[in-house]
Amino acid sequence: MQRQPQVMVLNQQAAKKEEGRKVQLENIMAGKAVADVIRTCLGPRAMLKMLMDPMGGIVMTSDGNAILREIMVQHPAAKSLIETARSQDEEVGDGTTSVVILAGEMLAVSSSFMEEKEHPVVVIGAYVRALEDILDMLNALAKPIDTTDKEALLSALNGVVGTKMVRKWSRMVCEIALNAVQTVFLEDNGSTEIDIKRYAKVEKIPGGELEDSRVLSGVMFQKDITHSGMRRKIKNPRVILLDCNLEYKKGESKTDGEFAAEENFTKLLELEEEYIKTICDDIIKLQPDLVISEKGISDLAQHYLQQKNITAIRRLRKSDTNRIARACGATIVNRTDELKESDVGTGAGLFEVRKVGDEYFSFIEECDDPKACTILLRGASKDILMEVERNLQDAMYAARNILLDPRLLAGGGATEMEMSVRLAEKAKSIKGLQQRPYLAVGKALEVIPRTLIQNCGGNTIRTLTTLRAKHATGDNTTWGVDGNEGELVDMNTLGIWEPFLVKSQTIKTAIETAIMLLRIDKVVSGVKRAQPSGQQQQQAPQQGGPASMGPV
């Protein structure tokens with residue numbers, strides 16, 4: 001007789017289920033709620049949000065990604081929208097507030113179709129079609145920029161920094177961002193690399209004034225020399241970078257040794273000293289001025305190096321060592337016996353240890369062709385410095401995006417309104433059920449100029465109607481909203497431009513997120529079943545018995 005296969009029975013009471021129109025409408029409501037949280041953070045008149053974390057720390061910012069990263073949400077659709085802001089920040093570094101507001105509006109305009117029992121696939125098809133047309137229109141509207149013209153680049157960056165808290169110092173921040181990005185710009189065999197995260201480090205030191213901030217033509221790190229007799233200032237230093245210990249080797253765990261005579265212990269100590277002298281001699285024969293190790297340097301090794309007038313710094317982070325290597329042309333070496341002349345870095349003009357604030361910092365400056373840099377930020381308090389760093393990161397990513405794709409689009413909601421008018425015109429040629437959702441995408445794009453007007457206290461209906469009429473008649477593609485006054489201005493005159501990569505990625509991400517959430521028709525979430533008071537927790541079922549459905 002054939003044995004009956006084992007059947008796993010899922011306990012339906014252990015999971016909470018929601019499906020159908022209810023799920024889609026709830027997802028739309030969650031998306032609108034998240035968008036409303038940061039709606040006031042768009043534009044130059046953006047309001048700040050003060051957030052307190054569970055540890056009691058305070059964050060004050062108008063950066064959409066920073067705000068959404070700190071708040072806790074339970075709804076899965078809201079979490080998905082927060083993840084969208086994070087991916088936008090990692091991809092292009094700016095437009096995090098815009099992408100969430102736009103995604104929330106894309107969901108909001110679809111709610112009427114869901115309430116009318118229209119199939120989501122029809123709405124999604126119209127959204128996909130609209131996205132393809134929008135990307136074609138953006139390519140047609142894009143304006144090229146000369147990356148060798150510094151003033152044109154600074155003007156483009158000013159449009160990004162002008163909406164941030166540091167807009168009062170926008171010129172200085174733009175110059176710092178552009179200088180840092182051009183420093184780390186690396187072109188090799190036809191490929192371009194601009195690695196801001198790894199090679200442009202921001203060092204925040206409270207105190208001083210914001211105007212004291214600058215980009216170093218080299219790197220700095222928070223380390224002092226290991227021996228008081230070593231030099232604290234060296235011109236044109238020869239630099240050696242090591243990723244090994246300058247001390248005797250220790251056992252991985254407990255090490256025991258037995259000695260038959262007292263002389264054997266003395267011999268062991270002599271062998272340790274000889275080993276340290278040997279590795280120091282390997283370094284000394286190359287006549288360096290500065291030795292930097294990622295690991296430890298023993299007191300004896302410091303003594304040998306100090307005797308030869310060599311300065312040593314120990315236990316530096318790997319990321320800092322990589323920046324020093326790129327700045328002065330040195331090679332990181334793992335064994336001292338493999339050191340050769342080509343590993344010595346000679347590109348630096350000055351090494352100096354200085355006291356900044358309450359701490360000692362080592363500076364390696366005046367490098368010939370540094371491909372890494374440190375940005376020194378000064379400011380009144382830690383909170384201000386954190387916000388300035390966030391704004392500076394946005395400016396650096398904007399500079400990177402322009403250098404990678406030197407095209408610009410008009411800011412101030414001009415591009416979004418132009419897209420809206422063009423989609424409305426194109427919707428007339430679309431037949432069938434897709435026409436209304438296609439038209440709704442254009443309507444949703446108007447949320448950007450509308451929010452800019454609202455945030456500066458302008459007359460929303462009148463200004464938006466005038467702007468729509470201006471784009472519908474004549475060649476007024478660059479007319480948008482002045483975020484400070486709420487008036488209509490030609491962005492060519494005002495000089496507000498946005499990088500093409502940021503704008504296209506914002507619209508693409510927002511529409512794709514809305515499509516993804518509209519595709520969801522069922523949510524299954526695991527919930528704990530209530531236990532009777534005094535009853536112990538139910539034991540795991542025996543093999544072959546019914547299995548309970550745990551958290552999903």
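From a predicted model like this one, the values you see are computed outputs, not experimental measurements. These values consider heavy atoms only, across backbone and side chains, with no hydrogens, waters or symmetry-generated copies.
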Looking at [X] and [Y], does any basic side-chain N land under 4.0 Å from a carboxylate oxygen?
X	Y	value
Arg86	Glu90	no
Glu203	Arg378	no
Arg315	Glu294	no
Lys164	Asp94	yes
Arg231	Asp289	yes
Lys277	Glu274	no
Asp320	Lys201	yes
Glu387	Lys49	no

So, do [X] and [Y] sit near enough that their side-chain heavy atoms are less than 4.5 Å apart?
X	Y	answer
Ile240	Asp343	no
Asp383	Val59	no
Val184	Arg400	no

Quick check: closest heavy atoms across Cys456 and Gly483, and the distance to 0.1 Å?
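Heavy atoms of Cys456 and Gly483 come nearest at CB-O, 3.2 Å.
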Between Cys367 and Ala327, which heavy-atom pair has the shortest distance, and what is it?
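Closest heavy-atom pair between Cys367 and Ala327: CB-O, 3.5 Å.
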Could you go step by step and tell me if Phe351 and Ser362 meet the side chain to side chain contact (heavy atoms under 4.5 Å, CB included) rule?
CA-CA 7 Å; Phe351 165 78; Ser362 295; 3.9 Å; yes
Before you tell me yes or no, could you show the steps for Thr509 and Thr84 under side-chain hydrogen bond (donor to acceptor under 3.5 Å, both in side chains), namely the whole-Å CA-CA distance, both residues' side-chain angles and the distance that decides it to 0.1 Å?
CA-CA 7 Å; Thr509 308; Thr84 299; over 6 Å; no
Main chain of Arg39, side chain of Asn455: is a donor-acceptor contact present, judged purely on distance under 3.5 Å?
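Flag set: sc Asn455 to bb Arg39 pair under 3.5 Å.
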So, Arg390 side chain and Asp63 main chain: donor-acceptor pair closer than 3.5 Å or not?
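Side chain of Arg390 to backbone of Asp63, a donor-acceptor pair under 3.5 Å: no, none is there.
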Tell me whether the guanidinium CZ or amine NZ of Lys223 lies under 6.0 angstrom from the six-membered ring centre of Tyr360 and within 45° of its axis.
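Not satisfied by the 6.0 Å and 45° rule.
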Please say whether the positively charged group of Arg354, taken as NZ for Lys or CZ for Arg, lies over the ring of Phe363, i.e. under 6.0 angstrom from the six-membered ring centre and within 45 degrees of the axis.
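So Arg354 does make the cation-pi contact.
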Applying the side-chain contact (heavy atoms from CB on, under 4.5 Å) criterion to Arg214, which one of Ile375, Leu377, Leu376 satisfies it?
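Checked Ile375, Leu377, Leu376 against Arg214; only one passes side-chain contact (heavy atoms from CB on, under 4.5 Å): Leu376.
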Looking at Arg232, I want to see if its CZ is surrounded by more than 12 non-hydrogen atoms of other residues, nucleotides or ligands under 6.0 Å.
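Yes, because the 6.0 Å sphere around CZ of Arg232 holds more than 12 heavy atoms from other groups.
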Heavy atoms of other groups near Lys318 NZ, more than 12 under 6.0 Å
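Count over threshold, so yes.
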Go through Glu389 and Lys204 one step at a time and tell me if the salt bridge (Lys or Arg N to Asp or Glu O under 4.0 Å) criterion holds.
CA-CA 8 Å; Glu389 184 191 11; Lys204 305 181 292 293; 3.0 Å; yes
